[in-house]
Amino acid sequence: MKKKRTLTEPFKIKMVEPLTITTEEFRAKRLREVGYNPFQLHSADVFIDLLTDSGTGAMSDRQWAGMMMADESYAGARSWLKLEEVVKELTGMPHILPTHQGRAAERILYGLLGGKGKLFISNTHFDTTRANIEFTGAEAIDLLPEEAHDLERDLPFKGNLDISKARQAIVARGAANVAAVIMTITNNSSGGQPVSIANLRAARALCDEFKLLLVIDGCRVAENSYFIKHREPGFENKTYEEIARETLRLGDAFIMSAKKDGLVNIGGLLAMKDDELNRKCTNLLIISEGFTTYGGLSGRDLEAMSIGLKEVFDPDYLHYRIKSTEYLGSHLKAKGIPVVWPIGGHAVYVDAGKLYSKIPTDQYPGQVLVCDLYTLGGIRCVEVGSVMFGAYDANKKLIPAKHELIRLAIPRRVYTQSHIDYVVDVFDDILDRRDQTKGLRISYEPPFLRHFTAQFEPV
Ligand code: F0G
């Protein structure tokens, strides 16, 4: 039998960007200065930036070359026609609109579908999705299967929608009041976990039964296709691109932040089947984003996206992508760090509530871990717990989130295995010092999306 070889990056490096190496004292000082909120740090203060996988990836030489050849015409640019063709082929949908990023597509579509009294049902709404829905006065509910709430249970498709709960919600509310069913693939707010084709087909059947619109938020559709090929019977011999096409053809509309699997730094897409809905979306697009053949992007952005949407399905790239995320997660697990299992596509989620079990929920163990990773290692990541999702009751007492997690999101094609090994090493220091670390209290918070700008102080 062949011996197992180390995982290698399927690219070599042609241009480098120096990283700043700072001291622990410097980082402790910077953290105090920014009120213990790493969103407020300058990127130059950060060594390994795992805040997000969105728009932070490296483009290929082909994408950069494409940008030089792009067409910057206002209307009917060659670069747009090329992108439109790629997206039509991928989605099978006749109407394709460009937007400057994912949430612009969300604002347009959910702005039209939403409104007071309307209900949206999803496996899990991402926070910008929920915000755009709630902004219209509509309601958004997340319906994960019960077993998916068990953070450590090893299941192949923990991102699925609970179809029977969805049916109950539709019947209870009345189908006429349901604006859409949204499938987020992979399920970002639930551990980056994949969704199976079987589940998507069941969601399709449910939407057909009640005549509802099925929207696929597919910003990580290539990563989801990887999991389907390797975990769902019947897909072993299909290519990743074939699986993605089959996936997206189940939807009535498609929303994509191309900053993820589009392999670009900016860009988004909105696609749909219905002519009338397209006419309405087109009007809103022109008012707010730009003409239908650029949607707030330059020709070079469109060109880079058209190339990225092909490159992302390269089997060597996708293998490296999923396996390198899993590499970080399984090395942390082997050290005894509690991680959400199995590891998702774009990020590793650590259970800070469990790791820092001595810190009470109202002293934000996730935020403490985020701060410790920065102080000890210069690593930046984000809390996904009671800072992000907590609320208050009538007595100003915290209603905590379901879990106190942090997310280590991996930018695409940016860090090498030695960077990731370094991150794993920093967790040794976290384990060594976990009994000494102290909780945080909030000293300032805004009314919405507080995690971006909240300020903290040590308890
Ligand atoms: N949908 C999903 C599933 C997302 O993960 C995101 C962004 C969006 C929509 C919005 O797209 O940022 O281009 O406007 N997620 C980023 C993240 C911000 O860090 O997970 P956008």
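One-based numbering, in listed order, for ligands and for the atoms of each. Values in this document were obtained by computation on a predicted structure and should not be read as measured data. Below, all heavy atoms of this structure are taken into account, side chains as well, without hydrogens, waters or symmetry copies.
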Are F47 and Y422 near enough that their ring centres are under 6.0 Å apart? yes
R130/E139 ion pair, N-O < 4.0 Å: no
Taking only Lys NZ, Arg NE, NH1 and NH2, and the carboxylate oxygens of Asp or Glu, determine whether E89 and K310 approach each other closer than 4.0 Å. yes
Protein residues having a heavy atom less than 4.0 Å from any atom of ligand 1: T52, S54, Q101, G102, R103, E106, F126, T128, T184, N188, D217, C219, R220, S257, K259, K260, R407
Answer yes if the ring centres of Y240 and F313 are under 6.0 angstrom apart, and no otherwise. no
Please report whether the ring centroid of F135 lies less than 6.0 Å from that of Y110. no
Is any NZ, NE, NH1 or NH2 atom of the basic residue among E311 and R62 found under 4.0 Å from an Asp or Glu carboxylate oxygen of the other? no
